[in-house]
Amino acid sequence: MKEIVCKLLVIGAGPGGYICAIRAGQLGVDTVIVEAVKAGGTCLNIGCIPSKALIHAAEEFERVSHMAAAKSPLGISVETPKLDLTKTVAWKDGIVGRLNSGVLGLLRKAKVKIVHGRATFRDGKTVEVETETGTQVIRAETVVIATGSEPVELPSLPFGGPVISSTEALSLKAVPQKLVVVGGGYIGLELGIAFAKMGSAVTVVEATPQLLPQYDAELVKPVVKRLGELGVRVVTGAKARGLSGETLLIETTEGEERLAADKILVTVGRKPRTEGWGLDELDLDRAGKFLRIDERCRTSMRGVHAIGDITGEPMLAHRAMAQGEMVAEIVAGKKRTWDKRCIPAVCFTDPEIVTAGFSPDEARAQGFEIRVGQFPFNANGRAMTTLSEDGFVRVVARADTNLVLGIQAVGAGVSELSSTFALAIEMGARLEDVAATIHAHPTRSEGFQEAALKALGHALHI
Ligand code: FAD
Ligand code: NAD
């Protein structure tokens with residue numbers, strides 16, 4: 001049995017783990033990373049990147065289809081387009097492959113040792129990995145658990161046959177004629193909208209009374225409108241009960257209903273990957289199903305850190321990366337602690353939704369007296385010239401000091417405003433700072449400046 005002794009062992013090479021290992025390597029820490037499947041983890045291989053590739057392809061197809069149906073006011077006409085999903089998926093796989101080799105290259109450049117195989121804990125400082133060349137034992141002074149998350153399976157609707165998770169949805173051979181999406185959250189709506197644009201008849205079944213229940217109703221409204229335009233049927237307050245022959249049985253507020261479907265995409269959340277690899281025996285403290293961590297990502301066992309999805313919400317790649325970078329610096333002896341003011345979130349629906357910091361309700365619940373400024377995109381020149389006037393930017397600030405507490409937006413392309421929003425909050429901007437910053441014209445970002453001006457009581461364009 002081969003044995004490696006190192007200073008830092010990172011388990012899992014998703015965005016949390018690979019960033020942690022690269023940064024540790026850059027700082028001269030003797031680092032080993034173990035990955036069971038493919039470097040890049042969920043995000044790069046079966047999550048963020050492939051889903052955004054498919055969403056983009058679907059957008060392009062829908063745009064051309066719209067023109068072909070002579071609905072374009074721009075005076076452009078085209079022949080009826082066709083979509084070959086196998087080619088789309090091959091293009092997507094090419095992007096994933098490029099990024100995958102890129103991550104491996106970056107790890108090597110940082111002098112990180114990469115071990116391929118599934119790690120199993122022997123004790124808090126030792127793992128065993130079954131590799132192609134035999135069992136490898138790795139002992140480390142510090143261990144970082146970054147094993148991520150996996151889709152939640154509904155007991156009444158186990159994965160298999162027509163019932164698929166996001167992983168299979170990203171590699172289908174043909175566009176399903178009838179697609180039922182169970183769970184109208186992030187993944188269900190991002191992919192449900194993409195398949196509707198590619199030609200599927202989509203029904204979304206959501207348990208709560210509102211789609212995307214994590215956002216306030218006002219932010220979700222433009223997405224609901226667009227779903228209607230795309231012909232997506234939405235059934236809220238409804239739960240899937242299981243397959244009944246060729247159909248899906250759902251229970252709605254009005255009774256039972258059967259839905260015909262070629263594919264049933266179940267997207268009812270993700271759970272931490274904690275089982276089946278000896279983690280249970282370490283008996284680390286939990287926060288619900290997730291590992292409990294402190295402000296330095298330390299678990300309840302000395303020398304064992306945890307980062308990313310395994311540590312709970314928000315399960316976002318950029319949070320995992322920021323935690324990974326921080327932990328690497330702590331291991332290298334730097335004084336670091338989690339002091340972020342916000343973690344921006346983007347939902348890549350049509351239109352997109354961005355949030356950073358507190359919503360008006362969250363700010364009030366924190367005890368703040370607030371002022372709110374909102375600016376609609378239908379008063380923004382750039383939005384008019386790109387045929388995408390739905391949505392708005394909203395700024396939430398303390399009423400006494402005008403300190404910006406939160407910024408939300410819904411609209412075409414607003415994902416690219418997420419970093420501006422996060423920067424404003426991280427830098428402690430006040431409404432006056434945003435209002436006094438010259439925003440280039442004509443851009444959608446002017447909506448941010450106008451929302452701040454509105455909160456100050458003197459918007460210029462509404
Ligand atoms: P993961 O990326 O899950 O990586 C964990 C790695 O650990 C995996 O590679 C796994 O193989 C490995 N592993 C597990 N157990 C072991 C073991 N015992 N031994 C060795 N290796 C092991 N987030 C965003 O911020 N933006 C998005 O647009 C976005 N889109 C998404 C779309 C979809 C369809 C999905 C499913 C997720 C999306 N996410 C998005 C969420 C994002 O993918 C996760 O938040 C992110 O991947 C978490 O990173 P992580 O490092 O914690 O874990
Ligand atoms: P989610 O939590 O976003 O949505 C799950 C939805 O399913 C909720 O609306 C919930 O009410 C509903 N639901 C739960 N049980 C149900 C049932 N039995 N029947 C019908 N509906 C039910 O989860 P997700 O969409 O699976 O995504 C998982 C995580 O992945 C997200 O929390 C997010 O952190 C991450 N993600 C992020 C992005 C992004 O950043 N753009 C994209 C995709 C995924």
Side-chain angles (χ1 to χ4, degrees), residues 10-20 33-52 54-55 115-121 127-130 144-152 154-157 165-167 169-170 181-192 204-215 235-241 250-251 265-279 306-321 323-324 343-349 352-354 415 418:
V10 181
I11 307 173
Y18 84 71
I19 288 291
C20 183
I33 191 163
V34 187
E35 171 53 51
V37 187
K38 272 175 95 183
T42 304
C43 176
L44 202 152
N45 295 295
I46 50 169
C48 326
I49 299 296
S51 63
K52 270 76 239 179
L54 216 60
I55 287 168
V115 176
H116 299 280
R118 191 177 152 83
T120 311
F121 271 116
V127 299
E128 249 178 54
V129 187
E130 290 308 326
V144 175
I145 302 171
T147 52
S149 64
E150 56 199 11
V152 167
L154 288 174
S156 60
L157 214 52
S165 74
S166 53
T167 305
L170 292 170
V181 177
V182 179
Y186 271 89
I187 302 178
L189 286 190
E190 286 187 4
L191 294 185
V204 179
V205 178
E206 164 57 40
T208 68
Q210 184 198 291
L211 291 175
L212 292 169
Q214 57 270 64
Y215 296 126
V235 191
T236 50
K239 280 195 169 174
R241 284 285 167 240
I250 62 164
E251 198 175 296
L265 171 60
V266 178
T267 51
V268 293
R270 293 178 63 83
K271 60 177 183 185
R273 218 179 261 121
T274 49
E275 283 168 19
W277 58 285
L279 183 64
I307 56 174
D309 283 9
I310 198 159
T311 65
E313 299 279 359
M315 287 190 269
L316 298 173
H318 41 282
R319 169 176 172 267
M321 292 194 238
Q323 289 178 321
I343 303 171
V346 177
C347 189
F348 292 85
T349 39
E352 295 170 344
I353 299 177
V354 179
S415 55
S418 61

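We count ligands from 1, going down the list as the structure has it; atoms in each ligand are counted the same way.
The two atoms that bring L212 and Q210 nearest to each other are O-NE2, 3.2 Å, heavy atoms only. Residues G324 and I19 approach most closely at C-CG2, 4.4 Å, considering heavy atoms.
Among R273, R270, E313, the residue whose heavy atom sits closest to atom 36 (C) of ligand 1 is R270. Taking only non-hydrogen atoms, the option from P344, P155, G269 nearest to atom 2 (O) of ligand 2 is G269. Compare K271, H318, M315 by their heavy atoms: the one nearest to atom 34 (O) of ligand 2 is in M315. Nearest-residue assignment for atom 5 (C) of ligand 1 (options A320, G41, C48, A146; heavy-atom criterion): A146. Checking P15, C43, G276, G14 against atom 43 (O) of ligand 1, the nearest heavy atom belongs to C43.
Within ligand 1, the atoms closer than 4.0 Å to a non-hydrogen atom of G308 are 52 (O), numbered from 1 in the order shown. Which parts of ligand 1 touch V37 is read off a 4.0 Å heavy-atom cut-off, strictly below it: atoms 11 (O). With ligand atoms numbered from 1 in the order given, ligand 1 contributes 18 (N) to contacts under 4.0 Å with heavy atoms of W277. Residue-ligand proximity, G117 to ligand 1, at heavy-atom distances under 4.0 Å covers atoms 20 (C).
Looking only at heavy atoms of the protein, atom 52 (O) of ligand 1 is closest to D309 N, 2.9 Å. Looking only at protein heavy atoms, the nearest one to atom 32 (C) of ligand 1 is G47 C, 3.4 Å. If you check which protein heavy atom lies closest to atom 25 (O) of ligand 1, you get A317 N, 2.9 Å. Protein heavy atom closest to atom 12 (C) of ligand 1, with residue, atom name and distance, is E35 OE1, 3.3 Å. In terms of protein heavy atoms, atom 3 (O) of ligand 1 is closest to T42 OG1, 2.6 Å. With respect to atom 7 (O) of ligand 1, the closest heavy atom belonging to the protein is G12 CA, 3.2 Å. The single protein non-hydrogen atom nearest to atom 22 (C) of ligand 1 is A36 CB, 3.8 Å, given as residue, atom name and distance. The protein non-hydrogen atom at the shortest distance from atom 17 (C) of ligand 1 is A119 N, 3.7 Å.
Side chains of R319 and E313 form no contact here, defined as non-hydrogen atoms less than 4.5 Å apart.
Considering backbone and side-chain atoms alike, E206 places an N or O below 3.5 Å from some N or O of ligand 2. Every N/O-N/O distance between R270 and ligand 2 stays at or above 3.5 Å. Among the atoms of L316, none of the N or O lies under 3.5 angstrom from an N or O of ligand 2. Backbone and side-chain nitrogen or oxygen atoms of T208 are examined, and none is located within less than 3.5 angstrom of a nitrogen or oxygen of ligand 2. Considering backbone and side-chain N/O of G16, one or more are found under 3.5 Å from N/O of ligand 1. The shortest N/O to N/O separation between I46 and ligand 1 does not fall below 3.5 Å.
A345 meets the side-chain contact (heavy atoms from CB on, under 4.5 Å) test with Y186, Y215, L316, T355; sequence neighbours excluded. Residues satisfying the ring pair (Phe, Tyr, Trp, His ring centres under 6.0 Å) criterion with F348, sequence neighbours excluded, are absent altogether.
Using a 4.0 Å cut-off between heavy atoms, R319 makes no contact with ligand 1 at all. In V152, neither the side chain nor the backbone holds a heavy atom less than 4.0 Å from any atom of ligand 2. Contact annotation: for Y186 versus ligand 1, there are no heavy atoms closer than 4.0 Å. Only the side chain of S51 comes within contact range of ligand 1, with a heavy atom under 4.0 Å; no backbone atom does. Contact annotation for P50 and ligand 1: no heavy atom of the residue comes within less than 4.0 Å of the ligand. If you look at K52 next to ligand 1, the close heavy atoms, those under 4.0 Å, all belong to the side chain. With a 4.0 Å heavy-atom cut-off, ligand 1 is reached by the side chain of I11 but not by its N, CA, C or O. When non-hydrogen atoms are compared, ligand 2 lies under 4.0 Å from neither the backbone nor the side chain of L211. Proximity of C48 to ligand 2, defined as any heavy-atom pair under 4.0 Å, is not found for any part of the residue. Heavy atoms of I187 found under 4.0 angstrom from ligand 1 belong exclusively to the side chain.
Under a 4.0 angstrom heavy-atom cut-off, E150 registers as lying outside contact with ligand 1. Heavy-atom distances between A39 and ligand 1 stay at or above 4.0 Å for every pair. Residue contacts with ligand 2 leave out P314, since none of its heavy atoms falls under 4.0 Å from the ligand. Judged by the shortest distance from any of its heavy atoms, A317 lies outside the 4.0 Å radius around the atoms of ligand 2.
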Given the rule in the side chain to side chain contact (heavy atoms under 4.5 Å, CB included) test, do I187 and S51 qualify, once you have shown the distances and angles that lead to the verdict?
CA-CA 9 Å; I187 302 178; S51 63; over 6 Å; no

Carefully, step by step, assess R273 and T42 under the rule side chain to side chain contact (heavy atoms under 4.5 Å, CB included).
CA-CA 12 Å; R273 218 179 261 121; T42 304; 4.2 Å; yes

For I310 and I145, what are the C-alpha separation, side-chain angles and deciding distance, and is it a side chain to side chain contact (heavy atoms under 4.5 Å, CB included)?
CA-CA 8 Å; I310 198 159; I145 302 171; 3.9 Å; yes

